[in-house]
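Here is the structure we will look at.
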Protein chains: 2
Amino acid sequence: MAEKRITSQDVANLAGVSRTTVSFVVNKNPRFSIRPETVQKVQEAARVLGYIPNATARALASRRAKAVGLVMTRDPRYIASDPFLPQILGGLLDVVKQAQLNLLTDWVEPGQQYQTYSSLIRAKHIDGMILMTPRYDDPGLKALRETDIPVVLMGMVPGCDLYSVDVENVAAARTAVRHLISLGHQRIACILNGPSPYSSACQRLQGYQQALEEAGLAYDETLVRFADFDATSGYSQMRSLLAGRPGFTAAFVASDNVALGALAAILDTGLKVPDDISLVGFDDIPMSSYIHPALTTIHMPAREIAQQSCHLLMRLIAGERPEERALTLPTELITRGSTRELGRSK
Amino acid sequence: MAEKRITSQDVANLAGVSRTTVSFVVNKNPRFSIRPETVQKVQEAARVLGYIPNATARALASRRAKAVGLVMTRDPRYIASDPFLPQILGGLLDVVKQAQLNLLTDWVEPGQQYQTYSSLIRAKHIDGMILMTPRYDDPGLKALRETDIPVVLMGMVPGCDLYSVDVENVAAARTAVRHLISLGHQRIACILNGPSPYSSACQRLQGYQQALEEAGLAYDETLVRFADFDATSGYSQMRSLLAGRPGFTAAFVASDNVALGALAAILDTGLKVPDDISLVGFDDIPMSSYIHPALTTIHMPAREIAQQSCHLLMRLIAGERPEERALTLPTELITRGSTRELGRSK
DNA sequence: CATCATTATTAACACGTGTTAATAAGTACC
DNA sequence: GGTACTTATTAACACGTGTTAATAATGATG
C-alpha cells in the first residue's frame with residue numbers, strides 16, 4: 001500500500017541525468033543519440049528501482065493508447081456460444097503481444113452501435129478496432145466510414161468500403177454444395193449460420209444458389225432455413241425441415257455449431273448420417289473431427305483471419321492506407337465421414 | 001483527420017463557466033452542489049459539442065484506469081481450444097459493461113508470470129485482474145500475495161490465500177463417480193482434464209479417489225490418465241487406456257472437451273457408449289447435449305463464475321477486503337444418454 | 001586560437017482531466 | 001448595515017510521461 005510509485009524522475013535522479021534523457025533511453029528514440037555510457041547508467045538505475053513506465057501517462061502524452069479493441073456486435077448470449085472466439089482471441093493475442101499492444105474487448109448493445117464505436121475511439125481508450133461479425137443493417141458502419149478511424153471488419157459488408165478481412169464465403173459455400181452434387185445428391189437442404197442481416201449468412205446462401213444453378217438444379221425456398229449461430233437453433237431448424245418431409249438427401253449447414261444441432265435432430269428422427277442424409281458443415285471447429293460421423297466441412301482459417309486483421313489494423317494505425325481494402329483468405333473443403341455418394345450404403 | 005478534439009475547456013467556454021464546473025457536472029460530484037440551471041447549461045453545451053471525456057487523461061488524474069484485466073495462464077494454443085472462454089467472456093462483459101469498466105485481455109508467457117502480472121498493474125493499464133486457470137507451480141502467485149494488488153483467481157490454488165471463485169471440484173467429481181458406482185460399475189477409468197500442475201485436475205482426481213474409497217473400491221493407477229484440455233489429448237489417452245485391455249466398464253473424464261475425444265476413441269475401437277462403456281464428462285459445454293449419445297456431465301456455471309469473479313474484483317478495487325477469501329459455487333450432475341446401468345442393454 | 005559543425009543534454013511546454021483550497025456571491029440573523 | 005454562514009464558482013496544482021527548441025560540451029577545421 002505504502003509502495004511508492006517509481007517515476008522516470010526517480011530514475012533520472014539516481015542516474016544523475018534529466019528526465020528527458022531517461023525518456024530517450026527508454027524509448028530508444030533514434031532522433032537523439034545518447035552516449036553509450038549514459039545509456040548504461042540509466043538502464044542500470046531503471047533496473048535497480050524496478051521502473052515501469054506508467055502506460056496511462058504515456059498514452060496521454062503520446063496520444064497513442066497502445067491498445068486495440070475487439071468489438072463484437074452480437075448479443076452477449078451469442079458471444080457465449082461462439083465457437084470461434086477462442087481461436088480469434090488466440091490469434092489476436094499473439095500479434096498484439098508481439099507488437100507490445102494491449103487488447104480491449106467490448107460488445108455493442110444493438111442499436112447503440114455508433115455511440116459505442118465512436119466513444120471507444122474518441123475517449124482514446126484504443127487506437128483502432130476490429131469489428132467482429134458485422135451486420136448489413138448496422139448504421140454505425142456508414143458513420144465510421146466518414147471518420148478516419150482505423151477500423152478493420154472481420155467479415156465483410158457489401159457496399160461498405162471499410163477495410164476488411166474475410167474468407168471467400170460465396171466460393172466456399174459453392175464448393176461445399178458442389179461436393180454434395182458431385183456425390184449425386186439433387187435435393188439439398190440449406191441451413192444458414194445466422195439471420196440474414198449477417199453478411200456471412202447471405203453470402204453462403206449465394207454460394208448455395210450458384211452451385212445449384214450451375215448444376216441445373218432448381219432453387220426451392222422451402223428447403224432453406226436461417227439458424228441463429230447455436231446448436232439449439234440448428235436442431236429446431238432441421239426438425240422444421242424434416243417435418244415437411246421434403247425428401248432431401250443432403251444438407252448444407254453453414255456452421256458446424258449449427259450442424260451439430262442439425263445432426264442431433266436427424267438422429268433423433270431415426271434417420272442416419274450419412275446413410276440417409278449427407279451433411280456438410282462450415283467452419284471446421286476443433287470438435288468437428290471428433291463427433292460421429294466426423295463432419296465434412298469447410299475449413300475456416302480463424303486464427304489467420306485474426307492475425308491478418310490485426311496486422312492490417314496496425315498498418316492503419318501507423319497511418320498507412322493500403323490500396324486493397326478487402327483481404328480475402330482461402331478456405332478448404334475437408335472431407336470426412338458425414339457425406340457419402342447417394343444410394344451407396346456402407 | 002482535421003477533426004479537432006473537444007475538451008472540457010471547450011464545453012466550459014460555450015457554457016460560460018470554468019472547466020472545474022464542467023468536471024463537477026460530468027462526474028456528478030456530490031461534495032459540491034451546483035445550481036440546477038448551471039448543470040442544465042453545461043449539459044446542453046456538452047451535448048451540442050458532442051463532448052466525450054478523454055479516458056486516458058481521466059485515468060491519469062484519478063489514478064484509476066477504469067479497466068480490469070482477464071489474464072490467462074495457458075499457452076495460446078490452449079486458449080484457442082478453450083470451450084469455456086466464450087461463456088467466461090460473455091459473463092465478464094456483462095458485468096463490466098454495467099459498471100462502466102473496460103475489459104483487457106492478456107495471457108502470460110510461461111515463466112514470465114510475475115513480470116506480466118506486476119507490469120500490467122503497475123503500468124496502471126488496469127485496476128485489478130482476474131487470473132484464469134491458475135497453476136500450482138506459478139511463482140507469480142506468491143509474489144502477488146505480498147502486494148496488495150486486487151486479484152481474483154478463477155479456480156483455486158490450495159495453500160494460496162488470494163481471493164478466488166471456483167466450483168466445488170472435489171465434491172463434483174465425487175458425485176460424478178458416485179453416479180457411475182450407483183449404476184453398478186466397479187472398474188472405472190479416469191482421464192483428468194489437464195496436467196497435474198493445474199489445480200482443477202488435481203482436485204477432480206481427489207474426488208474420483210474419494211468416491212472409490214467410500215465405495216470400498218481399490219484405486220488402480222493404471223486406470224488414470226492426464227489429458228491436455230483438448231479433444232485430441234482425450235482421444236489419445238483413451239486409446240492408451242483401451243490398449244491395456246483393463247476391462248473397465250465406465251470412465252470419468254474431467255472435461256467435456258476431452259470426453260469428446262475419448263468418445264471418438266471408444267467408437268473407433270468398435271465399442272459402444274453406453275452399451276460397453278458408460279461415460280461421464282465435466283463442464284457441460286453447450287455442445288454436450290447435442291452429441292450422440294448426449295453426454296452425462298457435471299454442469300459448470302461458467303457464466304456465474306465469471307460474474308462473481310468480476311463482482312468480487314470490483315469490491316477489492318473499491319478497497320473492501322471481505323472476510324471470506326474463497327467463493328465456491330455449486331455444480332449439478334446432468335444425467336443424459338452416455339451412462340447406463342451395468343449389464344442392462346437397450 | 002577562433003570558428004563552425006556536431007553531439008549530448010536539458011528546460012519548458014503539452015496532453016486533458018480530477019481535486020483542493022481559496023474566493024466570490026448570496027442569505028439569514030441580530 | 002454589519003456579521004456569520006452557506007452556496008456556487010474558480011484558480012492553481014497534480015498526475016507521469018513525450019517532445020521541441022534551446023543550450024552546453026565536444027571535436028574538427030582553417
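Reminder, nothing fancy here: chain letters follow the sequence lines and each chain counts from 1.
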Leading and trailing nucleotides of DNA chain C with any atom under 4.0 Å from heavy atoms of chain A: C/dA8 to C/dG16

Has the side chain of A/Arg64 got a donor or acceptor atom that lies under 3.5 Å from a matching backbone atom of A/Ile317? yes

Test: B/Arg145 and B/Asp161 ion pair at under 4.0 Å: yes

Would you indicate what B/Ser23 reaches in the nucleic acid, counting non-hydrogen atoms under 4.0 angstrom: base, sugar-phosphate, or nothing? base

By nearest-heavy-atom nucleotide on DNA chain D, the more 5' of A/Gln9 and B/Pro36 is B/Pro36

NA contact type, A/Thr20, heavy-atom cut-off 4.0 Å: base, sugar-phosphate, or nothing? base

Just by distance, no angles: are the side chains of A/Asp94 and A/Gln98 close enough, under 3.5 Å, to form a donor-acceptor pair? no

Tell me what B/Ile34 touches on the nucleic acid: a base, only sugar-phosphate, or nothing, going by heavy atoms under 4.0 Å. sugar-phosphate

Test side chain to side chain contact (heavy atoms under 4.5 Å, CB included) applied to B/Met72 and B/Val108, B/Thr133, B/Thr105, the passing residue: B/Thr105

DNA chain D: 5'-proximal contact among A/Arg58 and B/Gly16 (nearest heavy atom): B/Gly16

Base, sugar-phosphate, or nothing: which does A/Thr21 touch, judged by heavy atoms less than 4.0 Å apart? base

Tell me whether A/Glu44 is salt-bridged to A/Lys41, with the criterion being a basic N under 4.0 Å from an acidic carboxylate O. no

Other residues, nucleotides, ligands: >12 heavy atoms within 6.0 Å of A/Lys97 NZ: yes

Remember a base hit wins even if backbone is also touched, and classify B/Thr38 as base, sugar-phosphate or nothing at under 4.0 Å, heavy atoms. sugar-phosphate

Atom-to-atom span, CZ of A/Arg35 to C1' of D/dA24 - whole angstrom: 12 Å

